[in-house]
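Quick notes on the structure that follows.
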Amino acid sequence: MKIATWNVNSLNVRLQHVLEWLDIANPDILVLQEIKQVTEAFPEDAFTEAGYVSIASGQKTYNGVAVISRSQSTDYVMDFPGFEDPQRRILACTIDGIRVVNLYVPNGQSLESEKYEYKLNWLQALQNFLGSEIKTHKNLVVLGDFNIAPDDRDVYDPEKWREDVLCSPAERAALKKIIDLGFVDVFRQFEQPEKTYSWWDYRAAGFRRNAGLRIDLILASNNLATICEASYIDREPRSWERPSDHTPVLAEFSA
DNA sequence: ATGGTCGGGGACCGA
């Protein structure tokens, strides 16, 4: 079972990249963020032709999440219970007995911004939701664009980013509380090359200089983590023409 | 700086 996450920064623009990558990587499940289109515009037929079923939760212009899978998905959740939010940032479903939670965590903009407050509130709602999900689903995988670099190892220039959004102590503490519910950041279960990132700024030749961050994560429940056989980042699509600023992150599970 | 969206210029958003 190969599971992947990719923030595509507009599926309208990136559909051919996604189809090409599905053909190369052949994941069983691919979750997407920032599809930036209304649900009705989601290109379901293109994924059907590629041999996948899909489900999307979109909105105009911003955000939007989708799940593409070889097997049918069921039991959808597209909102945190009791947390009013017009922004489409979560899509939970069950596939082949695995509970999959696809996330597009708010960016936060800056530590002084109201969007940062929204980010922290959103992370609290996520923690509440996952606290309940993990009780009912032994095999749970939570993956997506977390917009948090968990550790200084995940930042190309930690000193520069120390008190900045994506790296601030409050965000990292919120992530730790979520992981402490009973998850493993599976990428760190395995030996990895130094300076491995999942996002690079379009500006100032970020990718060429490898000035990146690891902010796209795959958290497996402790039970599921025991059958995780590999986790890695595929830099290739970031080198394609007119790429997303993120690249796919993968994990492989036995059975 | 760069890229996407909406809209028809330039503001907003991203990380």
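Protein chains get the first letters and strands the later ones, always in sequence-line order, with residue 1 at the start of each.
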Does the gap between the ring centers of H246(A) and W6(A) come in under 6.0 Å?
no

Taking the [atom1] atom of each, how far is [N] from [M], in whole Å?
{"N": "dT5(B)", "M": "dG9(B)", "atom1": "C1'", "answer": "13 Å"}
{"N": "dC13(B)", "M": "dG7(B)", "atom1": "P", "answer": "15 Å"}
{"N": "dC12(B)", "M": "dG8(B)", "atom1": "P", "answer": "15 Å"}
{"N": "dG14(B)", "M": "dG10(B)", "atom1": "P", "answer": "23 Å"}

Spacing between [X] atom [atom1] and [N] atom [atom2], to the nearest angstrom:
{"X": "R208(A)", "N": "dA1(B)", "atom1": "CZ", "atom2": "C1'", "answer": "13 Å"}
{"X": "R238(A)", "N": "dT2(B)", "atom1": "CZ", "atom2": "P", "answer": "13 Å"}
{"X": "E241(A)", "N": "dG3(B)", "atom1": "CD", "atom2": "P", "answer": "11 Å"}
{"X": "W200(A)", "N": "dG3(B)", "atom1": "CH2", "atom2": "C1'", "answer": "17 Å"}

Ignoring backbone atoms, establish whether R14(A) has a side-chain N or O less than 4.0 Å from OP1 or OP2 of dG3(B).
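Result: no.
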
Quick check on dT5(B): is either OP1 or OP2 less than 4.0 Å from any side-chain nitrogen or oxygen of S10(A)?
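Yes, because at least one side-chain N or O of S10(A) sits under 4.0 Å from OP1 or OP2 of dT5(B).
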
Stem list for DNA chain B, please, built from Watson-Crick and G-U wobble pairs under 3.5 Å and keeping only runs of at least 3.
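B:3-6 with B:10-13 - these are the stems of 3 or more pairs that involve DNA chain B.
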
Could you check V31(A), V105(A), V65(A), D216(A) and say which one makes a side chain to side chain contact (heavy atoms under 4.5 Å, CB included) with D145(A)?
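The passing option is D216(A).
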
Using the six-membered ring wherever Trp is involved, compare the ring planes of F207(A) and W200(A) and label them parallel, tilted or perpendicular (cut-offs 30° and 60°).
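Perpendicular, since the angle between the ring planes exceeds 60°.
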
Would you find more than 12 non-hydrogen atoms of other residues, nucleotides or ligands less than 6.0 Å from K177(A) atom NZ?
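Result for NZ/K177(A): open.
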
Residues I215(A) and W199(A): closest non-hydrogen pair is CD1-CB, 3.9 Å

Can you name the salt bridge (Lys or Arg N to Asp or Glu O under 4.0 Å) partners of E49(A), sequence neighbours left out?
none

Step by step, would you call D151(A) with K176(A) a salt bridge (charged side-chain N to carboxylate O under 4.0 Å, His left out)?
CA-CA 11 Å; D151(A) 198 271; K176(A) 185 180 185 303; over 6 Å; no

Can you pull out the residues from residues 39-47 of chain A that lie within a 4.0 Å heavy-atom distance of DNA chain B?
none

Any side-chain donor paired with an acceptor under 3.5 Å for N121(A) and Y116(A)?
no

For every nucleotide of nucleotides 8-15 of chain B, 5' to 3': is a protein heavy atom under 4.0 Å from its base (B), only from its sugar-phosphate (S), or from neither (-)?
----BSSB

Taking only residues at least two apart or on different chains, which pairs with a member in residues 228-241 of chain A satisfy salt bridge (Lys or Arg N to Asp or Glu O under 4.0 Å)?
none

Show the atom names and distances, to 0.1 Å, of all donor-acceptor pairs under 3.5 Å that link a side chain in residues 37-47 of chain A to residues at least two apart or in another chain.
unit_1 : atom_1 : unit_2 : atom_2 : d
Q37(A) : NE2    : N12(A) : OD1    : 2.9
T39(A) : OG1    : G58(A) : N      : 2.8

Under the salt bridge (charged side-chain N to carboxylate O under 4.0 Å, His left out) criterion, do R214(A) and D185(A) qualify, and how do the steps go?
CA-CA 12 Å; R214(A) 189 177 70 93; D185(A) 176 2; 2.7 Å; yes

